[in-house]
Amino acid sequence: MDRFDKTSLNAAPASAPDFRGNDGSLVSALKTLLFFTILMVTLPIGLYFASKSYFFEATLGLSNNDSYFYAAIVAVVAVHMVLAMFVYVAWNEGSSQWREGKQD
């Protein structure tokens with residue numbers, strides 16, 4: 001029969017490293033995500049209706065069908081701008097956290 005080493009059986013397992021980061025960075029990331037989520041919903045819808053009624057129909061005098069089309073283009077451009085801003089902010093937030101982690 002094989003003899004087992006009792007010290008290896010009774011040894012406590014090493015604690016797993018904590019990869020979560022600090023809670024401040026998590027809260028900051030969630031605030032950023034919430035801000036851009038709200039912006040993604042409200043800005044394109046608001047710009048769609050505002051540009052349709054106030055700019056394209058009232059100022060430029062376009063027809064109802066034409067103003068739908070151009071207001072949709074404005075809303076799509078707004079969506080792309082919000083997405084680009086989110087990617088920029090997320091990229092810079094992640095790279096600053098990465099730089100702070102490298103210096104420690």
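Residue indices begin at 1 and follow the sequence shown.
A cation-pi arrangement is not found for Lys52 relative to Tyr70, the charged atom failing to lie both closer than 6.0 Å to the ring centre and inside a 45° cone about the ring normal.
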Task: Worked verdict on Leu39 versus Met85 for side chain to side chain contact (heavy atoms under 4.5 Å, CB included) - done: CA-CA 11 Å; Leu39 197 65; Met85 288 188 308; 3.9 Å; yes
Open item on the list: What verdict does the side chain to side chain contact (heavy atoms under 4.5 Å, CB included) test give for Tyr68 and Tyr48, after you've listed the backbone C-alpha separation in whole Å, the side-chain angles of each residue and the deciding distance to 0.1 Å?
Closed with: CA-CA 8 Å; Tyr68 282 133; Tyr48 174 80; 3.0 Å; yes
Task: Chi angles and distances behind the side chain to side chain contact (heavy atoms under 4.5 Å, CB included) call for Glu57, Leu62 - done: CA-CA 5 Å; Glu57 289 179 354; Leu62 294 176; 5.6 Å; no
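Hydrophobic cluster membership is shared by Leu47 and Phe69, with clusters built from Ile, Leu, Val, Met, Phe, Trp and Tyr side chains linked at under 4.5 angstrom. Note on Phe36 and Leu33: same hydrophobic cluster, where clusters join Ile, Leu, Val, Met, Phe, Trp and Tyr whose side-chain heavy atoms are under 4.5 Å apart, directly or indirectly. Cluster annotation: Phe35 is not connected to Val41 through the hydrophobic network of ILVMFWY side chains, with a link wherever side-chain heavy atoms come within less than 4.5 Å. When the side chains of ILVMFWY residues are joined at heavy-atom separations under 4.5 Å, either directly or via intervening members, Ile73 and Met40 end up in a single hydrophobic cluster. In the hydrophobic clustering of this structure, Val79 groups with Leu43; members are Ile, Leu, Val, Met, Phe, Trp, Tyr whose side-chain heavy atoms approach within less than 4.5 Å, directly or through other members.
Annotation for Thr59 and Tyr54: closest pair OG1-O, 2.9 Å, computed over non-hydrogen atoms. Summarising the geometry of Ser67 relative to Phe56, their closest heavy-atom pair is CB-CB, 3.8 Å, with the distance given to 0.1 Å.
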